[in-house]
Q: 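One structure, as C-alpha cells, below. Some questions next.
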Amino acid sequence: MNAVPKLSLNDGNVIPKLGFGVWQIEPKDTVEAVSEALRVGYRHIDTAEGYGNEKEVGEAIRTYGLDRGDVFVTSKLSRSSRGPRHAHERFDRTLSDLGFDYVDLFLLHWPWWPLPRLPRLYAEPFVVTWRTLEEFHRDGRARSIGVSNFQIEHLKRLAAEADTVPAVNQIEAHPYFTNDAVREYSREHGIAIEAWSPIAHGKVLGDPTITQIADRVGKTPAQVVLRWHIQRGDIVLTKSVTPSRMKENFELFNFELEPADMYAITARDRGENGRTGPNPDTPKWKVRGSQLFWTVARLLNQNR
Ligand SMILES: NC(=O)c1ccc[n+]([C@@H]2O[C@H](COP(=O)([O-])OP(=O)(O)OC[C@H]3O[C@@H](n4cnc5c(N)ncnc54)[C@H](OP(=O)(O)O)[C@@H]3O)[C@@H](O)[C@H]2O)c1
C-alpha cells in the first residue's frame with residue numbers, strides 16, 4: 001500500500017492529500033463502500049450533513065477497528081442549518097451520528113442559502129455561522145474549520161469580519177474547470193484547496209489530450225487527472241463505489257507528470273462552461289417542492 005502524503009494546514013494540523021468522498025452514496029451502501037475504501041488504504045473520508053450518510057460513515061470507521069486518530073474525517077454544515085442555534089443543533093447531531101467526539105475538519109458547505117434571491121430576508125450572513133464554527137474549533141470538537149464553494153469575495157468578507165482564516169476551501173476543480181482565480185487567492189491567504197468532482201464525474205476521461213498522456217505514461221486517464229491535481233498542490237477527493245476504481249484512484253504516488261503534460265492538461269480549461277456543479281454566486285438549484293415546504297416551515301417557526 002502506497003502511503004498518502006500529508007499537507008500541513010494553517011492551524012498546524014495535517015491532512016492526507018487524498019480523500020474518499022461519499023456524496024451520492026446511498027446510506028444502505030455507505031458502510032460497505034467506506035469499509036472497502038479503508039481496506040484499499042484511504043485514511044481521509046469526506047461526508048456532509050447533506051449527504052445523509054454520516055451515521056454509516058461513523059459505523060464503517062468504528063467497526064473497521066482503526067484508532068480514531070488514524071482516520072481524518074470531514075463533515076459539513078448544510079446551507080439550511082444557518083445561524084448559531086441551528087449550527088449548534090446540527091453539529092451536535094453530526095457528532096452523535098458519526099459516533100465521534102470530534103471531527104478533524106468541519107466546513108460551511110455553501111456561502112449562501114439555497115434560494116439566494118428571495119430569502120436573504122431570513123438567511124443570516126455566513127459570517128454569523130462561521131463564528132459558531134470558530135466556537136467548535138475553540139472547544140476542540142472541530143480540530144480544523146474551513147469553507148466550501150467560497151468565492152474570492154466571500155473569503156474577503158470573512159477576512160474582514162472574522163478572527164479565524166479557514167484552513168481549507170473545498171471547491172469544484174478539474175481539467176475542464178481549473179478554478180484558478182479562487183485557488184490562487186485561497187493559496188495566497190494560507191487556505192488549502194480541496195478539489196471536488198476531480199474527474200468531472202468522468203467527463204474528462206475521454207479527452208484526447210488526457211488519454212494520449214495516459215497511454216504514454218502507462219497509467220489510466222483517471223490516474224493522470226488525479227495526479228495532475230496532486231502536482232498542483234491540491235487535496236483531492238475521489239468517489240467510487242467500485243472497488244477496482246477505488247484502488248485505481250488510490251495509486252497516484254508512484255509516478256510523476258512532466259511539466260509539459262501538466263501544462264497541456266491545465267490548458268483543457270473551459271472556464272465557467274466547464275463547471276459540472278452550480279456557480280456559488282448564481283446557483284440554479286433544483287429545489288423539490290417538499291424540501292421547499294419544510295425549509296420554509298422551519299424558518300417561519302424559527303422566527304416566531
Ligand atoms: N463541497 C461540495 O459542494 C462538494 C460537491 C461535490 C462533491 N464533493 C465531494 O467530492 C467528492 C468527489 O466528488 P464527485 O463524486 O463528484 O467526484 P468524481 O470523482 O469527479 O465523480 C465520481 C463519479 O466518477 C466515477 N468514477 C470514479 N472513479 C472512476 C474511475 N477511475 N474511472 C471511471 N469512473 C470513475 C464514479 O463512479 P462509481 O461510483 O459508479 O464507480 C462516480 O460516478 C464527493 O464524494 C464529495 O465528498 C463536495
Side-chain angles (χ1 to χ4, degrees), residues 15-27 29-30 32-34 36-37 40 42 44-54 56-57 72-80 103-112 114 126 145-151 154 166 168-179 182 186 191-207 210-211 214 219-230 234-252 274-281 283 285:
I15 182 170
K17 288 185 183 177
L18 177 64
F20 181 77
V22 296
W23 179 47
Q24 295 181 323
I25 303 185
E26 293 289 327
D29 302 325
T30 304
E32 194 185 327
V34 173
E36 183 59 28
V40 168
Y42 293 86
H44 169 180
I45 310 292
D46 182 88
T47 183
E49 171 195 341
Y51 300 172
N53 52 19
E54 288 170 309
E56 292 74 15
V57 166
F72 189 101
V73 180
T74 300
S75 194
K76 319 184 188 82
L77 186 76
S78 281
R79 290 159 291 166
S80 51
V103 284
D104 296 276
L105 177 62
F106 196 57
L107 306 179
L108 265 190
H109 206 148
W110 288 87
W112 298 121
F126 55 78
I145 53 172
V147 293
S148 178
N149 301 302
F150 270 44
Q151 303 280 67
H154 305 130
V168 311
N169 188 11
Q170 185 180 120
I171 55 173
E172 179 174 354
H174 47 76
Y176 287 168
F177 182 62
T178 57
N179 213 344
V182 176
S186 301
I191 304 167
I193 290 294
E194 294 188 320
W196 62 253
S197 289
I199 57 170
H201 276 290
K203 285 196 185 85
V204 298
L205 301 184
D207 184 283
I210 291 165
T211 54
K219 298 289 170 185
T220 68
Q223 288 171 328
V224 164
V225 173
L226 296 172
R227 180 70 206 181
W228 169 82
H229 285 283
I230 295 286
D234 295 349
I235 299 151
V236 198
L237 301 171
T238 68
K239 174 265 169 185
S240 176
V241 292
T242 316
S244 58
R245 289 175 175 173
M246 290 182 196
K247 197 163 173 293
E248 174 187 342
N249 297 345
F250 190 76
E251 287 168 0
L252 309 179
R275 278 191 195 271
T276 61
N279 180 326
D281 287 327
W285 296 104

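Atoms considered below: every heavy atom in the structure, side chains included; atoms not considered: hydrogens, waters and symmetry mates. When a ligand or atom number is given, it counts from 1 through the structure's own listing order.
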Q: Are more than 12 heavy atoms, taken from residues, nucleotides or ligands other than Glu32, located less than 6.0 Å from that residue's CD atom?
A: no
Q: Under 3.5 Å, N or O to N or O, is Arg245 touching ligand 1 that way?
A: yes
Q: Has ligand 1 got any nitrogen or oxygen that is less than 3.5 angstrom from a nitrogen or oxygen of Thr238?
A: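 N/O-N/O distance below 3.5 Å does not exist for this pair.
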Q: Please identify which of these residues, Asp46, Thr74, Asn149, meets the side-chain hydrogen bond (donor to acceptor under 3.5 Å, both in side chains) condition with Gln170.
A: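 Running side-chain hydrogen bond (donor to acceptor under 3.5 Å, both in side chains) over Asp46, Thr74, Asn149 with Gln170 returns exactly one hit, Asp46.
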Q: Counting heavy atoms only, which part of His109 comes closer than 4.0 Å to ligand 1: side chain, backbone, both or neither?
A: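 Looking at His109 and ligand 1, just side chain atoms fall under 4.0 Å.
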Q: Can you tell me which residue and heavy atom of the protein come closest to atom 3 (O) of ligand 1, and the distance to 0.1 Å?
A: Asn149 ND2, 2.9 Å
Q: Does the gap between the ring centers of His109 and Trp196 come in under 6.0 Å?
A: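 His109 vs Trp196: aromatic centres not under 6.0 Å.
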Q: Specify the protein heavy atom at minimum distance from atom 48 (C) of ligand 1: its residue, its atom name, and the distance to 0.1 Å.
A: Gln170 OE1, 3.1 Å
Q: Where is the nearest protein heavy atom to atom 47 (O) of ligand 1: which residue, which atom, and how far?
A: Asp46 OD2, 2.7 Å
Q: Between Val40 and Met246, which heavy-atom pair has the shortest distance, and what is it?
A: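 Closest pair (atom of Val40, atom of Met246, distance): CG1-O, 3.9 Å.
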Q: Quick check on Ala200 - does any of its heavy atoms sit under 4.0 Å from an atom of ligand 1?
A: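 Distance cut 4.0 Å: Ala200 passes for ligand 1.
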Q: Which of parallel (below 30°), tilted (30 to 60°) and perpendicular (above 60°) describes His174 and Phe177?
A: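 His174 and Phe177: tilted rings.
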Q: Enter the distance from Ile199:CD1 to Asp207:CG here, rounded to the nearest 0.5 Å.
A: 13.0 Å
Q: Are any non-hydrogen side-chain atoms of Glu194 and Leu105 less than 4.5 angstrom apart?
A: yes
Q: Provide, to 0.1 Å, the distance between atom 31 (N) of ligand 1 and the closest protein heavy atom, together with that atom's residue and name.
A: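 Atom 31 (N) of ligand 1 sits closest to the protein heavy atom Asn249 OD1, 2.9 Å.
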Q: Please report which non-hydrogen protein atom sits nearest to atom 23 (C) of ligand 1, along with the residue it belongs to and the distance in Å to one decimal place.
A: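 Atom 23 (C) of ligand 1 sits closest to the protein heavy atom His201 ND1, 3.8 Å.
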Q: Decide whether the shortest distance between a heavy atom of Tyr51 and an atom of ligand 1 is less than 4.0 Å.
A: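 Judged by the 4.0 Å heavy-atom criterion, Tyr51 does count as contacting ligand 1.
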Q: Looking only at protein heavy atoms, identify the closest one to atom 44 (C) of ligand 1 and say how far it is in Å.
A: Trp23 CB, 3.5 Å
Q: For atom 8 (N) of ligand 1, which protein heavy atom lies nearest, and how many Å away is it?
A: Trp196 CB, 3.3 Å
Q: Please classify the Leu205 to ligand 1 contact at 4.0 Å (heavy-atom distances, strictly less than): side chain, backbone, both or neither.
A: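 The side chain, only.
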Q: What I want to know is whether Ala222 and ligand 1 share at least one N or O pair that is separated by under 3.5 angstrom.
A: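 No.
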Q: Measure across Ser148 and Pro111 and return the closest heavy-atom pair with its distance rounded to 0.1 Å.
A: O-CD, 3.8 Å
Q: Say you draw a straight line from CD1 of Ile15 to NE2 of His44; how long is it, rounded to the nearest 0.5 Å?
A: 4.0 Å
Q: Should we say atom NZ of Lys203 is surrounded by more than 12 heavy atoms from elsewhere, each under 6.0 Å from it?
A: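 Yes, NZ of Lys203 has more than 12 neighbouring heavy atoms, counting only those of other groups under 6.0 Å.
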Q: What is the distance from atom CG of Leu205 to atom CD of Gln223, rounded to the nearest 0.5 Å?
A: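 Those atoms lie 11.0 Å apart.
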Q: Nearest heavy atom to atom 12 (C) of ligand 1: which of Leu237, Val241, Asp29, Thr242 does it belong to?
A: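 Selected option, by shortest heavy-atom distance: Leu237.
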Q: Quick one: look at Lys239 and ligand 1, take heavy-atom pairs under 4.0 Å, and tell me if it's side chain, backbone, both or neither.
A: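 The answer is both.
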Q: Applying a 4.0 Å heavy-atom criterion (strictly less than), which segment of Ala48 is in contact with ligand 1: side chain, backbone, both, or neither?
A: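 Ala48 to ligand 1: no contact under 4.0 Å from either part.
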Q: Got the closest protein heavy atom to atom 18 (P) of ligand 1, with its distance?
A: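 Result for atom 18 (P) of ligand 1: Ile199 CG1, 3.7 Å.
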Q: Between Pro221, Gly21, Ser197, which one has a non-hydrogen atom sitting closest to atom 17 (O) of ligand 1?
A: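 Residue with the shortest heavy-atom distance to the ligand atom: Ser197.
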